[in-house]
Amino acid sequence: MSSTRRALRSLAAGVAVGAVAFAVVDAVRPRPGTARIVDWDEIRAQAIARLDADSFLDARRRRTLETRYGKMATELEPPLLAFVGGAAGDLPPFQALDRAGWIELNVGIMRDALEPLVAAQERMPNSRMVEFGRAVLDRYVGLILGFLSGRVLGQYDPRLLGHEPAGGAGLYLVEPNIADFQAEAELPADPLRRWLILHEMTHAWQFGAHPWLREHLNGMLREVLGTAIDARLSSLDRVLAMAFGAGDKRGVISRMQSTMSLVEGYSNLVMDVVGREVLPDFARLEAAHQARVEDKTVFERLFWKVTGLELKLQQYVVGERFCREIHERHGIQVLNRAWERAENLPTADELRQPERWAARMGTKLG
């Protein structure tokens with residue numbers, strides 16, 4: 001009986017191994033059609049499917065909002081420029097988005113940025129494994145976009161890796177999210193929108209008045225994306241280099257993160273300093289914003305951690321602390337030296353130790 005059982009077990013094991021082998025072979029077996037590692041239409045559909053009826057704006061409402069945003073931006077531009085110093089550069093007009101519009105915008109941004117990577121898919125053989133990977137990626141990105149479309153209040157798009165003259169930089173407010181935030185926190189309508197406009201206009205000034213910044217970020221993005229289409233690397237090495245950085249690419253990713261941390265931290269500083277001067281309801285707005293950041297559901301906290309978005313927010317906190325410390329001890333003129341050229345940007349270590357950056361700029365912290 002024991003020999004029969006052993007025989008059955010051996011047969012079962014053989015069948016299992018054969019089934020696994022067949023599955024692997026079938027997964028990598030070439031299939032008809034062009035390999036696609038990402039499906040932007042599917043991502044868009046996945047994200048928009050999560051929206052409710054209150055997520056949309058009609059054209060008339062959008063035009064009314066944009067006129068209102070424009071008047072506010074015109075009023076806020078002088079105090080903004082008075083604080084940061086210098087000319088405005090090219091500040092685009094604000095556009096009103098609904099949640100579906102925000103998803104559409106960011107699908108377009110990602111499509112442009114990842115075009116070199118997607119173009120490389122034409123050299124890949126199609127297979128079930130590729131199709132499975134695409135389905136997982138589409139669902140993951142669609143989930144993130146769908147979630148963020150209900151959270152983001154405003155956005156500045158500097159058109160990184162964009163193709164001119166297809167479109168220039170853009171300033172956006174996501175009105176359904178602003179309206180929800182306003183109602184939940186019982187905030188005054190116009191001051192809230194002025195506060196957000198001030199933040200996004202600062203980003204527009206950073207890039208518009210310092211054209212080298214966009215090209216600097218573009219260069220780093222191209223270098224990182226180049227890893228994904230480097231035929232000399234294995235597929236695993238490409239994925240690891242893109243996700244975590246490897247060798248010299250790790251340094252590039254660190255510099256990108258540091259730059260974006262400074263960009264966001266500087267804008268938060270401006271929103272704080274200038275906002276206190278021009279917005280009588282600033283204290284209420286700031287308190288409501290902090291409550292919104294801290295008051296997350298269990299699902300939201302888990303989502304931010306699993307997707308890595310929590311890490312991004314922590315990086316922005318580091319950038320804001322850096323900007324505040326330099327500004328409080330030296331003033332905006334010293335902090336603005338970061339925008340003179342790429343070599344002046346603080347490193348990741350300098351963001352956490354502002355005195356090191358100040359010393360490199362020829363200034364000592366007292």
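In what follows, every heavy atom counts, from backbone to side chain, and hydrogens, waters and symmetry copies are set aside.
- Between L57 atom CG and R63 atom CZ the span is 12.0 Å, to the nearest 0.5 Å.
- The shortest heavy-atom contact between A189 and R68 is CB-NH2, 3.6 Å.
- Residues V263 and F207 meet the side-chain proximity criterion, which asks for heavy atoms closer than 4.5 Å.
- A donor-acceptor pair shorter than 3.5 Å can be found between the side chains of H203 and E264.
- With hydrogens and angles disregarded, a donor-acceptor distance shorter than 3.5 Å links the side chain of W212 to the backbone of W339.
- Of all non-hydrogen atoms in A185 and A288, the two that sit nearest each other are CB-CB, 3.9 Å.
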Apply side chain to side chain contact (heavy atoms under 4.5 Å, CB included) to D281 and L187, showing your working.
CA-CA 9 Å; D281 297 281; L187 295 172; over 6 Å; no
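- Expressed to the nearest 0.5 Å, how far CG of L143 lies from CD1 of I43 amounts to 11.5 Å.
- With hydrogens and angles disregarded, a donor-acceptor distance shorter than 3.5 Å links the side chain of R214 to the backbone of P158.
- Counting heavy atoms from C-beta on, the side chains of V274 and V270 come closer than 4.5 Å.
- In this structure, the side chain of E66 engages the main chain of A96 through a donor-acceptor pair within 3.5 Å.
- The shortest distance between side-chain heavy atoms of L269 and T202 does not fall below 4.5 Å.
- Here the CG atom belonging to D98 is positioned 9.5 Å from the OG atom belonging to S149, to the nearest 0.5 angstrom.
- Side-chain N or O atoms of N177 include one that pairs as donor or acceptor with a backbone N or O of V152 at under 3.5 Å.
- At least one side-chain heavy atom of R44 sits under 4.5 Å from a side-chain heavy atom of R111.
- For the pair L51 and I103, the minimum side-chain heavy-atom distance is below 4.5 Å.
- Side chains of L262 and P346 form a contact here, defined as non-hydrogen atoms less than 4.5 Å apart.
- The structure places OG of S55 at 12.5 Å from CH2 of W102, a figure rounded to the nearest 0.5 Å.
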Before giving the answer on salt bridge (charged side-chain N to carboxylate O under 4.0 Å, His left out), spell out for D54 and R99 the whole-Å C-alpha distance, their side-chain angles and the decisive distance to 0.1 Å.
CA-CA 9 Å; D54 294 333; R99 294 180 183 124; over 6 Å; no
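- One N or O on the side chain of D58 and one on the backbone of R61 form a donor-acceptor pair closer than 3.5 Å.
- Put simply, OG1 on T259 and CG on L345 are 4.5 Å apart, with the number rounded to the nearest 0.5 Å.
- Here the side chains of E175 and R62 are not in contact, with every heavy-atom distance at 4.5 Å or above.
- A salt bridge links R337 with E340; the closest basic N to acidic carboxylate O contact falls under 4.0 Å.
- Side chain of D272 to backbone of N268: no donor-acceptor contact under 3.5 angstrom is found.
- Formation of a donor-acceptor pair under 3.5 Å by the R50 side chain with backbone atoms of Q46 is found in this model.
- Using a 3.5 Å distance cut-off with no hydrogens or angles, the side chains of E286 and H289 do not pair a donor with an acceptor.
- Of all the heavy atoms in I197 and L76, the pair that sits closest is CG2-CD1, 3.9 Å.
- In this structure, the separation between CG on L285 and CD on Q182 is 10.5 Å, given to the nearest 0.5 Å.
- The shortest distance between side-chain heavy atoms of R292 and L153 falls below 4.5 Å.
- In plain terms, the two heavy atoms of G265 and C323 that are nearest each other are C-SG, 3.7 Å.
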Assess the residue pair V174 and Q155 against the criterion (side chain to side chain contact (heavy atoms under 4.5 Å, CB included)); give the C-alpha distance rounded to whole Å, side-chain angles, the decisive distance to 0.1 Å, and a yes or no.
CA-CA 8 Å; V174 188; Q155 181 171 328; 6.0 Å; no
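- The shortest heavy-atom contact between E200 and Y156 is OE1-N, 3.2 Å.
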Which is it for L97 and E104 under the side chain to side chain contact (heavy atoms under 4.5 Å, CB included) test, yes or no, and what are the steps along the way?
CA-CA 10 Å; L97 293 180; E104 187 71 35; over 6 Å; no
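- Not one N or O on the side chain of S261 forms a donor-acceptor pair closer than 3.5 Å with the backbone of Q257.
- Across all their heavy atoms, F94 and M201 have their closest contact at CE1-CG, 3.5 Å.
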Steps toward side chain to side chain contact (heavy atoms under 4.5 Å, CB included) verdict (R159, D112):
CA-CA 9 Å; R159 293 292 297 175; D112 281 352; 3.3 Å; yes
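- Around atom CD of Q290, more than 12 heavy atoms belonging to other residues, nucleotides or ligands sit under 6.0 Å away.
- Other residues, nucleotides and ligands contribute over 12 non-hydrogen atoms within 6.0 Å of the CZ atom of R360.
- Environment of CZ in R324: crowded, with over 12 heavy atoms of neighbouring residues, nucleotides or ligands closer than 6.0 Å.
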